[in-house]
Amino acid sequence: MSNDKIIIYQLLPRLYGNRNTTRKENGSIADNGCGKFNDLTTSVLKSIQQKGVSHIWFTGVIRHATNTDYTAHGIPANHPAIVKGNAGSPYAITDYYDVDPDLAEDVDNRMAEFEALVSRARKARLGVIIDFVPNHVARQYASLCKPKGVKDLGADDNRDHGFNPQNNFYYCPGCSFEPYLDLYAGTAEPYHEEPAKATGNDHFDNKPGQNDWYETVKLNYGVDYYAGGVGYFNPVPDTWFKMRDILLFWASKGIQGVRCDMAEMVPVEFWRWAIAEVRRQYPDYLFIGEVYNPALYRQYVEAGFTYLYDKVGMYDTLRDITAGGSATRITSAWQSTDDIADHMLYFLENHDEQRIASQFFAGDAFKAVPAFVVSTLFRSCPYMHYFAQEYGEKGMDKEGFSGCDGRTTIFDYWSVDTMCRADEGKLTDDEKALADIYSRIMNFARTDKTVSGQSYDLMYANPHSASFNPDRQYAFLRRSGRQLLVVVVNFDSLDRNIKLNIPEHAFEYLNLPDGKDIEGEDILTGASVAVRLSSQEPLSIIVPKNGAAILKFNKA
């Protein structure tokens with residue numbers, strides 16, 4: 001029986017199904033190939049679900065700027081000066097009502113192919129999540145597929161005003177777009193934009209720099225940034241209505257929710273209004289917010305977000321510990337969001353972050369197993385997993401625009417080495433072992449009732465000693481009914497024989513029998529274990545290097 005814990009598997013269809021191993025740097029779609037919606041067959045989706053996954057996040061679905069020519073299909077070409085990489089950024093949207101033609105076998109039938117993918121996913125018992133990119137669009141945004149009667153973004157803007165509450169964009173009147181970059185980019189005619197629009201990362205003049213989101217323009221939700229951020233929300237800004245209608249359009253496709261890119265750059269007042277509007281028709285719709293400022297978490301939860309990234313809290317903490325920092329910091333990381341714990345979302349990789357196995361992070365995927373156990377088992381909140389993380393993908397390719405940065409590119413046409421070898425049955429023994437660990441723990445997290453029960457952090461009762469190092473070990477309990485989970489993770493590079501104190505308060509708080517002999521099993525090894533559960537005697541537990549002991553007792 002599922003305990004309803006959500007486990008999200010993020011993948012880019014462009015990369016996930018691509019088995020072309022040419023991997024030419026800066027290659028075109030003809031050189032390097034591209035994954036398709038149709039590559040995600042029923043059997044592929046079932047195999048993802050069997051990893052312990054409840055929801056799948058398809059990244060890069062909505063049509064975005066690209067250097068690939070689809071003019072034969074009536075899709076306008078994008079000027080290469082304002083496209084990042086040949087494939088383009090999935091976050092530079094060119095039509096909110098369309099899907100990426102790269103992902104279709106039949107470009108003219110691309111929406112039907114996406115709808116069929118959603119249907120297959122639902123049959124595989126997977127909820128579908130896609131990106132909603134509310135803060136910015138591509139500089140050449142123009143919707144071909146908008147419903148009849150819908151006006152395009154910017155169509156009615158007064159471009160003589162830098163800010164107008166009813167404009168969809170911000171402008172630099174009298175100024176043309178003059179970024180740092182070559183506006184010709186190898187073409188006969190330069191890219192021209194006048195008046196220049198404000199750039200997506202809140203850059204409000206006409207000269208964005210190399211590190212700005214120069215390929216995007218900022219959407220106007222009624223906030224006058226030129227006057228210090230004053231909000232004009234009555235009457236409701238035009239952008240609010242347009243973006244609500246886009247949310248409802250995608251909800252009508254049968255998806256279960258949206259991951260909202262850079263949600264904190266859009267005013268919380270909009271979210272409070274729009275989420276309520278969507279949930280009138282779709283009461284259980286998921287809104288997952290990319291919010292990095294902890295001071296804003298509670299505002300966005302109050303506005304209706306189901307879950308928020310816990311990036312600067314738990315992710316940054318676990319990354320630091322994996323790289324050698326102190327495990328004692330986990331306690332303060334979870335305590336800082338204890339009042340909104342069920343609304344946080346834990347992860348160790350995604351498209352923005354460096355791969356665990358890269359030389360920029362841990363250099364060895366096994367070093368993050370303890371962090372993975374904490375991320376999945378300590379709290380009842382969702383865990384998000386990035387495709388190929390389970391195989392220890394290194395992300396050390398030099399793909400093109402992305403460069404060798406420890407990330408799997410989102411800008412280039414490419415294929416992922418471990419995914420290709422997994423299909424061919426050519427994974428190494430270590431890669432298979434890692435995949436087995438991920439699958440075992442995610443399935444356990446999904447199905448075991450203890451993972452939805454009470455949590456108890458044991459660190460305060462286990463100070464530094466010869467048999468416990470709080471800098472390299474972390475321990476906690478989970479309790480549901482008569483079932484008990486004892487978890488000890490070991491960030492050390494050596495096996496450790498741990499003596500674990502369970503304080504009297506834990507017995508009282510969790511209603512545990514004190515002084516009782518109980519039997520259970522180690523979830524990772526399947527080995528039987530027998531212990532005396534006592535506040536007076538420590539438990540003796542052997543925990544492998546870069547690993548965990550996950551002890552489950554059914555009659556505690």
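Note that these values count all heavy atoms, side chains included, but never hydrogens, waters or copies made by symmetry.
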Among all residues two or more places apart in sequence or in another chain, which pass the side chain to side chain contact (heavy atoms under 4.5 Å, CB included) test with P165? F163, Y232
To the nearest 0.5 Å, atom NZ of K151 lies from atom CG of D156 at 3.5 Å
Measure centre to centre between the rings of W250 and F114, then say whether the value is under 6.0 Å. yes
Could you list the residues that satisfy side chain to side chain donor-acceptor pair (under 3.5 Å) with D320, not counting sequence neighbours? R329
Can you check whether V137's main-chain N or O pairs, donor with acceptor, with T216's side chain at less than 3.5 Å? no
I'd like to know if the side chain of S28 reaches the main chain of A30, judged simply by a donor and an acceptor atom lying under 3.5 Å from each other, with no hydrogens or angles considered. yes
Do R120 and T42 get their side chains close enough for a donor-acceptor pair, meaning under 3.5 Å? no
Any donor-acceptor N or O pair under 3.5 Å, side chains Y413, N20: no
Closest contact, heavy atoms only, Q256 versus R122: NE2-NH1, 2.7 Å
Both conditions, 6.0 Å and 45 degrees, for the charged tip of R355 above the ring of F361: are they met here? no
Between F287 and W271, how do the two ring planes meet: parallel, tilted or perpendicular, split at 30° and 60°? perpendicular
Nearest-0.5 Å distance, CH2 of residue W213 to CE of residue M262: 4.5 Å
Find out whether E113 and V99 are in side-chain contact, i.e. whether some heavy atom of one side chain is under 4.5 Å from a heavy atom of the other. no
Is NZ or CZ of K84 both nearer than 6.0 Å to the six-membered ring centre of Y214 and within 45° of the ring axis? yes
Will you find, in the side chains of N168 and D238, an N or O donor that is under 3.5 Å from an N or O acceptor? yes
Can R139 be said to sit on top of Y191's aromatic six-ring, NZ or CZ under 6.0 Å from centre and within 45° of the ring axis? no
Report yes or no: does Q389 contribute a side-chain atom to a donor-acceptor pair with the main-chain N or O of Y386 at less than 3.5 Å? yes
Please determine if D205 and K207 form a salt bridge, counting it only when a charged side-chain N lies under 4.0 Å from a carboxylate O. no
Single hit among W57, F387, F58, Y16 for side-chain contact (heavy atoms from CB on, under 4.5 Å) with Q10: W57
Any salt bridge linking R259 with D261? Criterion: basic side-chain nitrogen under 4.0 Å from a carboxylate oxygen. yes
Correct closest heavy-atom pair for Y297 and L308 would be O-CD1, 3.4 Å
CD on Q50 to CE on M442, rounded to 0.5 Å: 12.0 Å
Measure the shortest side-chain to side-chain distance between V258 and I130 over non-hydrogen atoms and say whether it is less than 4.5 angstrom. yes
S402 (side chain) donor-acceptor with E399 (main chain) under 3.5 angstrom: no
Measure across R14 and C34 and return the closest heavy-atom pair with its distance rounded to 0.1 Å. CG-SG, 3.5 Å
Taking side chain as C-beta onward, heavy atoms only, is M419 less than 4.5 Å from R19? yes
Parallel under 30°, tilted from 30 to 60°, perpendicular over 60°: which one fits the rings of W273 and W240? tilted
Ignoring hydrogens and angles, tell me if any N or O in the side chain of H343 forms a donor-acceptor pair with the backbone of T306 under 3.5 Å. yes
With respect to W414, which candidate in T408, D397, N32, T409 satisfies the side chain to side chain donor-acceptor pair (under 3.5 Å) definition? D397
Parallel under 30°, tilted from 30 to 60°, perpendicular over 60°: which one fits the rings of H351 and Y91? parallel
Any donor-acceptor pair under 3.5 Å linking the side chain of S439 with the backbone of A435? no
May I ask you to check whether over 12 heavy atoms, not counting those of Y226, lie within 6.0 Å of atom OH? yes
Evaluate the side-chain proximity of K394 to D417: yes if any heavy-atom separation is below 4.5 Å, no if none is. no
Would you call T322 and N546 a side-chain contact if the rule is heavy atoms closer than 4.5 Å? no
Would you call P208 and F177 a side-chain contact if the rule is heavy atoms closer than 4.5 Å? yes
Can you see whether Q140 engages H79 through a side-chain donor-acceptor pair at a distance of less than 3.5 angstrom? no
Do you see a donor-acceptor pair shorter than 3.5 Å between the side chains of E264 and Y309? no
Could you check if a side-chain atom of I29 sits within less than 4.5 angstrom of a side-chain atom of N86, using non-hydrogen atoms only? no
If you count the non-hydrogen atoms of other residues, nucleotides and ligands that lie under 6.0 Å from NZ in K24, is the total more than 12? no
Measure up the Y285 and Y282 rings against each other and bin them: parallel (under 30°), tilted (30 to 60°), perpendicular (over 60°). tilted
Can you list the steps and then say if Y438 with Y391 is a ring-ring contact (aromatic ring centres under 6.0 Å, His included)? CA-CA 9 Å; Y438 273 104; Y391 303 130; 9.2 Å; no
Is K242 atom NZ crowded by more than 12 heavy atoms from other residues, nucleotides or ligands, each under 6.0 Å away? yes
On the 0 to 90° scale, with breaks at 30° and 60°, tag the Y70-H73 ring pair as parallel, tilted or perpendicular. tilted
Judged by modelled atom types alone, do D69 and T71 share a side-chain donor-acceptor pair under 3.5 Å? yes
Between the main-chain N or O of L15 and the side-chain N or O of N18, is there a donor-acceptor pair closer than 3.5 Å? no
When you measure from the side chain of N220 to the backbone N and O of N164, does any donor-acceptor pair fall under 3.5 Å? yes
Qualifying residues under ring-ring contact (aromatic ring centres under 6.0 Å, His included), relative to Y315, sequence neighbours excluded: F347
